[in-house]
Structures are given as structure tokens and as C-alpha cells.
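Protein chains get the first letters and strands the later ones, always in sequence-line order, with residue 1 at the start of each. All values derive from a computational prediction rather than experimental measurement.
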Amino acid sequence: ARYRKVDEDFFEELEEILIQADVGFNTVMELIDELKMEVKRKNISDPTEVQSAISEKLVEIYQSGEKTTGHINIQEDSLTVILFVGVNGVGKTTTIGKLAHMYKQQGKNVILAAGDTFRAGAIDQLEVWGNRVGVDVVKHSEGSDPAAVMFDAIQSARAKSADILLCDTAGRLQNKVNLMNELEKVKRVIEREIPGAPHEVLLVLDATTGQNALLQAKTFKEVTNVSGIVLTKLDGTAKGGIVLAIRNELNIPVKFVGLGEKMDDLQAFDPEKYVYGLFSTIIEKEAE
Amino acid sequence: MAFEGLADRLQNTIQKIRGKGKVSESDVKEMMREVRLALLEADVNFKVVKEFIKKVSERAVGQEVMKSLTPGQQVIKVVKEELTNLMGGEQSQIAVSKRPPTVIMMVGLQGAGKTTTTGKLANLLRKKHNRNPLLVAADIYRPAAIKQLETLGKQLSMPVFSLGDQVSPVEIARQAIEKAKADHHDYVLIDTAGRLHIDGELMNELKEIKELASPEEIFLVVDAMTGQDAVNVAESFNEQLGITGVVLTKLDGDTRGGAALSIRSVTGKPIKFVGMGEKLDALEAFHPERMASRILGM
Ligand SMILES: Nc1nc2c(ncn2[C@@H]2O[C@H](COP(=O)(O)OP(=O)(O)OP(=O)(O)O)[C@@H](O)[C@H]2O)c(=O)[nH]1
Ligand SMILES: Nc1nc2c(ncn2[C@@H]2O[C@H](COP(=O)(O)OP(=O)(O)OP(=O)(O)O)[C@@H](O)[C@H]2O)c(=O)[nH]1
Ligand SMILES: [K+]
Ligand SMILES: [Mg+2]
Ligand SMILES: [Mg+2]
């Protein structure tokens, strides 16, 4: 096979591939500059060598700061509360269903809190998931105060000695101040009831989202101290590359990825596999 | 972190030009680099950006900018004009069938806003056009999708046609149209399940509904926050179904919404409406010029 040279064209193509993956211009430029230096320094001319250099660089960007894996802060002998936040339609409720299934399979006693009292059919949707997975759902009627739902859900989880409480919230755009205040209140109620809770605040991001995801991460982090990201809809053609920029600028790690609409379409995030998927096309093309 | 608008981006270059008092071809090139960046940060697809820059550069180098005393302003003006043109005129009218009922299909990726927009559109048809639409729950897959549409129907006091989730969407559409004829509904709005454009089986389902229902309009509902992938999605839905228009949702957020330009350029189909909130009256006509300003951060 004839391999292409590692020249300006190569880097230009790499730049385009990463931009098309929504990595974001600044992060891409940073990366390409560093790569060029590396290639020069190590005198690399073989694209397969560049492949590993790209891989290393991207994973390095991804893991800058402390190394975090997809670890979830589970309390071994008391209730673990996980709060889900994010903009509209990204996959919060579905992810809760999937995660409930995963923990249930691990033998854990799981309860769901129907904290989206706003969107039409949101409570029913969570209930369908509860039935599917076989876990209880704590709910109030549509239009009621979500903070009150959380309060009740915690009492109920305690009474049933549950291991894990997964809290759904209504989707909200980060520029809506009132809705973000409401979310803060929801979190405060949880904090007040259980010191140290919520043990994780997971921001759900849709992989098809572009640069706005950075603003989402920033604002939701400010309001709820997000501890991790769930990147959904990776079964489509979008790559969700903005998580690299989010990691780079805000240091929030991805913990899970969503790969479909079914119960078991949730996986722990694997940075190396993910990063390889971002630029694999350029490498595969060379190997042709 | 918040992205700069084009005007801010051009500041440096303009300062430099001011010092020289004359605009050279390389100055224009430099300004175009800033335009490129601004568009990429707004999520316009990079291929679309490339073509766009080529077009604008020609105009800029030609005269308007180089001969201008205010080259920065001129660049912005040219860019905005070209953007606005590309996005077409205002197109908020909805087709009417000669043989009622007029059928409209709502299609798109998961979570884009189809069900909500179905409710909003029904509301608009009644309020603005004095129509009497029938809402059709043809999403049998998403948990509680039918309940969601029924709730919206209740809020609007409008009938929702459903056969539960054990009957195929094609059959639901067929019976809904019968029902609409019998009850003298002049519009039928079919809410379909979200699906990936690469899901052959589910895309076929849409083709079958289209064949059966002969819709006057097929609206692709797209989330305004969509990034580079918007072109793949729009191109693919359009190729497989022949969409008639686009609804851009969640524009009440702070996204620049460059996807609008991407979709318009790859499909040639008009953006008809924008979603401006979760409530049922939050659907507005699309204004190309406003969208152009927004994409440029102005
Ligand atoms: N293809 C795909 N679809 C997904 C995935 N996760 C969720 N979805 C779909 O995306 C749509 C929205 O999911 P929801 O779970 O309702 O999203 P949400 O964030 O709770 O939405 P709101 O509560 O309305 O803000 C549904 O049709 C889900 O089935 C995923 O990983 N892949
Ligand atoms: N802020 C805002 N939210 C919107 C808008 N349109 C829809 N939404 C919200 O986006 C979320 C998803 O909307 P749906 O109508 O359920 O989307 P869908 O395309 O029917 O989703 P699936 O059926 O799961 O594919 C809900 O939380 C809606 O309230 C809008 O214009 N602005
Ligand atoms: K979305
Ligand atoms: Mg939800
Ligand atoms: Mg829907």
C-alpha cells in the first residue's frame, strides 16, 4: 500500500476532520500546533506513527488535569443520590432508565424521582422506564414543585433502604435564569436532606450539539457543580467532539456514553476508544 | 468562552488597516480568516463556510471592500447580505391541499422538538388561519410519546388521534386521514417518532407513511444547537423523503444557530418557522436577516 506523506495537506485534512467532529476551533488549533512540533522533533514521516502521536495528544488533552475515569461516586453503605441536568431533549430521562437498569443488574435497590413536573408526558415517560426496568418511581402531579418531589423521593428512598436514587429534572436552556434558579433550589433541597448529596451531578449532552455545549457546561457547572457528563446519541453520525474542549477548558470528565434508545445502550466512557473514533477516518483512508 | 461577534473579531485587522490608510488584498484575506472563524464558532458546517468565503472574497476583493473607507463595516455588510440571501426570503406560509385534509408530517432526529412543534403548529393553524387540525400520535416507540401529544391536545382543547402503540404508524396515518375526512378536519398533523437518518428501517417507515398520506408538507424539525452534523442529517432526510421545509427549534437559547445556514445550503429547502420556547404559542416565522445577524453575533 502507498501511504500518504505527513505534510501540510495531511494536517489540513486532520484539522477539517476534527472541526467536523465539533471539537471546536481553538482546541483543534492548539492540537495541530503541538502535533506539528512533535512530528518535527521526532522526525516522523510514517503516518502510522503520527496516528499514535495524535492519539496520545488527544487523550492527553482529554486527561489534562487529574486523571478521572468513568468512576461514579457510589456510597457503599448509604443512599447515593445522582442528579441529572441538561437542556431540552438531550436524553436525561432515557439515560436515567438505562442507568437504573445497569444498577439493578448489579443487584442494587434503585428508585427514580420524577422531578420533571413541567413537560407534557414527562412523568409518564419516567414511569414507563420504571416499569420496564422494574424499579419504583416517586412522583407528584404535573405542575407541582420539583423540589418537593425530591424531598419526598429522599424520604421514600430512606424508608425503603434504597441504594441509589436517580433524580430526573425538566430540560432547561442555560440562559433561562428562572429555570436555573429553580434547579439550584432542587439541588439545595437534596443537599439539606443528605449532607454530601447529590453525590454526582451528571450533565447530559447530545452528541449532535455544536459549540453551544461549551456554554451549557459552563452555566450548568456554575449552578449545580456538575461532576460528570453523559454524552448521548453517539449511535448517530455526530461525534460530540466538543467534550474535548469542555474537558480542556472546564475540566469536566465524560462518564458515560449513550448509544441508542434501548435499556442497555449505555456504556462507560473510554477516552482512547473515543479519541480514536474521532480521527480514524483519516488513518483508514491512508491504509487503503 | 462566550464567542466573539464578527465585529469584535475584525477589530484588530481594521486597526492595522487604519494605520496604513489603504486596504490590500492580503488585508481582505485576513478579514476573511476572521469571517471563517466567526462562522465556524457559530456552527456553520465547514464545507459550507469554505464555499461561502470563496463567494464573499470575490465580492470583497472586487471592489466594495477594497475601495471603501470603512472596510470593516463593508465586510460585515457584504457577509450579512450574502448570508441573508443564502437563507432565502421569509417563508412562513403553509401549503393547502386542493383536496382536504392537508397532511403535514413532522420528522427529525430524537429530541429535536417534533411533538412540541406539532402542538404549536396546530395552535398556529387555528389561531392565525382559522383551521381545524387533527393531531395524530404516530410515535409508537418513545415511552409515553402518545401521552405527551394527548396532553398537548388537552391543553389546546384539540382532538388527538391515537390507536395506542401496538398498531403500525402507517396504519395509524391511514385511519387518521379517514377520521379527519369524516369529522371535517382540514389539516392532519402527523407526529412521528424521532429517528436517526441512518436507520434504514425507520426511514422506510416514513417513506411508507409519505406514500400513503401524500403529505403537502414534510417538515424537518432541527435543534438550533446542532453542530457540524446538521448537514448530514438534513441532506439525508431530504434525499430519502424530499422535505418541504425546516423548523428550527430552541432558538430561545443562546446558540448562534449556524446550522440554519448549513441546512439551507445543502437542501435548498426553506426554513419556515422557529421555535422560541416550550409553550404552545412559541412558534414564529423565520426571518433570514435576523438569523444572519445572530450567526454573526450582532
Ligand atoms: N439514538 C439515540 N437516541 C437517544 C439516546 N438517548 C436518548 N435518546 C432519545 O432522545 C429523545 C429524548 O430523550 P429524553 O430522555 O426524553 O430526553 P430528555 O433530556 O429527558 O428530554 P426533556 O425532558 O424533554 O428535556 C428520545 O426519543 C430518546 O429515545 C441515545 O443515546 N441514542
Ligand atoms: N426551549 C425550548 N424548548 C423546546 C422547543 N421546542 C421543543 N422544546 C423542548 O425540547 C424537548 C424535546 O421536545 P419534543 O417535542 O419532545 O421532541 P421530539 O422531537 O418530539 O422528541 P422525540 O419524539 O423523542 O424524538 C422538550 O423538553 C420540549 O419542551 C423550543 O423551541 N424551545
Ligand atoms: K437535540
Ligand atoms: Mg426528560
Ligand atoms: Mg416526539
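- Interface check for chain A: of the options Ile198(B), Asp252(B), Leu152(B), the most heavy-atom pairs under 4.5 Å are formed by Asp252(B).
- The shortest side-chain heavy-atom distance between Phe46(B) and Glu15(A) does not fall under the 4.5 Å cut-off.
- No more than 12 heavy-atom neighbours from other residues, nucleotides or ligands sit within 6.0 angstrom of CD on Glu51(B).
- Nearest heavy atom pair, residue Tyr141(B) against residue Arg132(A), reads O-NH2, 4.4 Å.
- With a 4.5 angstrom heavy-atom cutoff, Ile146(B) does not touch chain A via any of its atoms.
- With chain B as the partner, the residue from Glu142(A), Gln216(A), Gln174(A), Arg119(A) showing the most heavy-atom pairs under 4.5 Å is Arg119(A).
- Once rounded to the nearest 0.5 Å, the distance linking CG of Leu37(B) with CE of Met29(A) reads 8.0 Å.
- If you take CD1 on Ile19(A) and NZ on Lys47(B), they are separated by 13.0 Å, rounding to the nearest 0.5 Å.
- Crowding of Lys139(A) atom NZ: a count of heavy atoms from other residues, nucleotides or ligands under 6.0 Å not exceeding 12.
- In plain terms, the two heavy atoms of Gly121(A) and Thr151(B) that are nearest each other are N-OG1, 4.2 Å.
- Here the OG1-CG distance, from Thr237(A) to Asp229(B), works out to 3.5 Å after rounding to the nearest 0.5 Å.
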Q.
Between Gln20(A) and Asn45(B), is the side-chain contact (heavy atoms from CB on, under 4.5 Å) condition met? List the steps.
A. CA-CA 7 Å; Gln20(A) 283 206 78; Asn45(B) 180 268; 4.3 Å; yes
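- Among Glu41(B), Glu150(B), Arg142(B), the residue making the largest number of heavy-atom pairs under 4.5 Å with chain A is Arg142(B).
- Within a 6.0 Å radius of NZ in Lys147(B), other residues, nucleotides and ligands contribute 12 heavy atoms or fewer.
- Contacts between Asn26(A) and chain B at a heavy-atom distance below 4.5 Å involve the side chain alone, from C-beta outward.
- Of the two parts of Lys239(A), neither the backbone nor the side chain holds a non-hydrogen atom closer than 4.5 Å to a non-hydrogen atom of chain B.
- In this structure, no portion of Arg195(B) lies under 4.5 Å from any heavy atom of chain A.
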(Q) Please evaluate residues Asp254(B) and Leu215(A) with respect to the criterion side-chain contact (heavy atoms from CB on, under 4.5 Å), reporting the C-alpha separation (whole Å), side-chain torsions for both, the decisive distance (0.1 Å), and the verdict. (A) CA-CA 8 Å; Asp254(B) 53 10; Leu215(A) 292 177; 3.9 Å; yes
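- Interatomic distance, OG1 of Thr209(A) versus CG of Asp223(B), reported as 6.0 Å (0.5 Å rounding).
- Note that CD of Glu261(A) is 4.0 Å distant from CD of Gln110(B), once rounded to the nearest 0.5 Å.
- Screening Asn88(A), Asp206(A), Asn212(A) for a side-chain contact (heavy atoms from CB on, under 4.5 Å) with Met225(B), the sole residue that qualifies is Asn212(A).
- Here Glu12(A) does not pair with Lys50(B) in a salt bridge; the nearest charged N to carboxylate O distance is not below 4.0 Å.
- Atom NZ of Lys127(B) has 12 or fewer heavy atoms from other residues, nucleotides or ligands within 6.0 Å.
- Using a 4.5 Å cut-off between heavy atoms, Glu127(A) makes no contact with chain B at all.
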